[in-house]
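Reviewing the structure listed below.
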Amino acid sequence: MYSSANSSQNTLTVTQLNRQVAQLLDQHIGRVWVEGEISNFTQAASGHWYFTIKDERAAVKAVMFRGRAVRVGFMPKTGEKYRFYAAVSMYEPRGDFQLQVDSMERAGLGDLHAEFERIKAKLNAEGLFDVGQRLPLIATPKRIGVVTSLAAAALRDVLTTMQRRAPHVEVYVYPAAVQGADAAEQLCIALGQAIADQAVQTILLVRGGGTLEDLWSFNDERLARLIHASPIPVISGVGHETDFTIADFVADVRAPTPTAAAELSCQSWQQSNADLLGVLRRLAQAQARIIDRASLRLDHTAGRLQSPQQRLAHMRQQWQNTVQRLSRTLSVQSHQQQLQHVRHRLGRVRPQTQPAQQRLQALQARLLQSMQQQRHTQRHRLAQAQHTLQALNPSAVLERGYAIVRNQHGVIIKRSHDTHIDESLDVQLAQGHLHVKLKQKHDLL
């Protein structure tokens, strides 16, 4: 028979029920690997991913929060199959059973992802991803090289972009397979040929998007080392914006698409024309300044030109000035003879200064000796004062093993009578302080 009393005692609120279910899921299932196909994929403005994981018979809702989603390295696509590492949980406010995904990988490609991470970690540890070692791009190359397949749509994108933006730049194509068993070897050969030819100033390594297997040749370790050692800047434009390969990490510049790689490889003809017009404008301005300065010099030189009559008049004036100076010179010679006679007479009456100089030298020697003696005496007094000061220095006393004891008020303790049992004391040593509590004391009678 139905008992209302018992039912009242066992009744749960919806919140309690959902919380118990969530605890059971967390305790008995926890985190598991789940494989399935993605549907209803949505990326929220917050960066969180919301989607459904399903197989032929069932489906479950899932969420991957932004902090974990940014580490995936690719954008999931509806209809593709993946493996998810997730915590089984319940969204308590709505009672929805769901998975909180920690990480994900393409189904069947777990080994490739592991190998990708191994190569990436190895090359990163060796410094191949160091930004400081990357080569700068040449803004206006005459020729660029493109390493890709002749049948690839990426090549058509590059050629179309170059024809539109920079038809004056020559494009050299170094063909190689971009997918398949021998693609990595062909890419290395084609890139090596582009480097050895030394005919181009920039190299584009491009192909369209694809799965991890499709792009695997661009994760080849030999190709990565060849890119890093290239003396010619290399732009990597592999896949779509969400695709990343080892070539992207080691290249001098990573472009999100082949078209973007072509755009980054050189300036557009419009920009080149604008730069050229700027150079011509600055050249015209510099030429105008040169002409102005030359005109000034010409005017100045023209002003200095003289007619023959003016020059003869100037030379006549110079001759007259010379005659006058010569006359004055003859007069000066007479005065010089008189001056010489006066000097001779003055020399005979000049006083003798040698004895006075000798006395002065003797006085200087005595003064120097007195100063040295006084300096010696002052140094001796200073040394004695320093010795006395050192002897009175409390720090020196502490260095000999003594200590200064203060109570909690900072007063120096001189007698045991001034202390109390359990009183906190500060003991200053030569190096550092001790904070002690008095347990015993022995007063002198």
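The figures here come from the full heavy-atom set of this structure, side chains too, leaving out hydrogens, waters and symmetry mates. Residues take their numbers from the sequence shown, with the count starting at 1.
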By ring pair (Phe, Tyr, Trp, His ring centres under 6.0 Å), which residues pair with Tyr402, not counting sequence neighbours?
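Per chain and number, Tyr402 pairs via ring pair (Phe, Tyr, Trp, His ring centres under 6.0 Å) with no residue.
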Answer yes or no: does atom CZ of Arg366 have more than 12 heavy-atom neighbours from other residues, nucleotides or ligands under 6.0 Å?
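Not more than 12 within 6.0 Å, no.
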Kindly state each residue pair satisfying ring pair (Phe, Tyr, Trp, His ring centres under 6.0 Å) with at least one member in residues 170-198, sequence neighbours excluded.
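Listed by first then second residue: nothing to list.
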Would you confirm whether Asp248, through its side chain, and Thr245, through its main-chain N or O, come within 3.5 Å as a donor-acceptor pair?
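Yes; judged by distance alone, with no hydrogens or angles, the pair exists.
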Has Gln201 got a side-chain atom pairing as donor or acceptor with Arg143's backbone, closer than 3.5 angstrom?
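A pair under 3.5 Å: yes.
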Using distance only, find each side-chain donor-acceptor pair of residues 175-189 under 3.5 Å and give its atom names and separation, not counting sequence neighbours.
unit_1, atom_1, unit_2, atom_2, d
Gln179, OE1, Arg207, NH1, 3.4
Gln179, NE2, Asp214, OD1, 3.0
Asp182, OD2, Gln186, NE2, 2.9
Glu185, OE1, Arg222, NH1, 2.7
Gln186, OE1, Ala177, N, 2.9

Should the pair Phe116 and Trp216 be assigned to parallel (<30°), tilted (30 to 60°) or perpendicular (>60°) ring geometry?
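Answer is tilted, since the angle falls between 30° and 60°.
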Under 3.5 Å, is there a donor on one side chain and an acceptor on the other for Gln384 and His380?
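There is such a pair (donor and acceptor under 3.5 Å, judged by atom type) between the side chains of Gln384 and His380.
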When you compare the side chains of Asp220 and Ser217, does any donor N or O come within less than 3.5 Å of an acceptor on the partner?
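No, no side-chain donor-acceptor contact under 3.5 Å.
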Less than 3.5 Å apart, which donor and acceptor atoms pair up between the side chains of residues 49-69 and the rest of the protein, not counting sequence neighbours?
unit_1, atom_1, unit_2, atom_2, d
Asp55, OD1, Arg57, N, 3.0
Asp55, OD1, Ala58, N, 2.8
Arg68, NE, Asp102, OD1, 3.1

All side-chain hydrogen bond (donor to acceptor under 3.5 Å, both in side chains) counterparts of Arg406, not counting sequence neighbours
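With neighbours one apart ignored, the set is Gln428.
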List in chain and number order the residues that pass side-chain hydrogen bond (donor to acceptor under 3.5 Å, both in side chains) with Arg118, two or more places apart in sequence or in another chain; answer none if no residue qualifies.
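If we apply the side-chain hydrogen bond (donor to acceptor under 3.5 Å, both in side chains) test to Arg118, skipping adjacent residues, the hits are Glu115.
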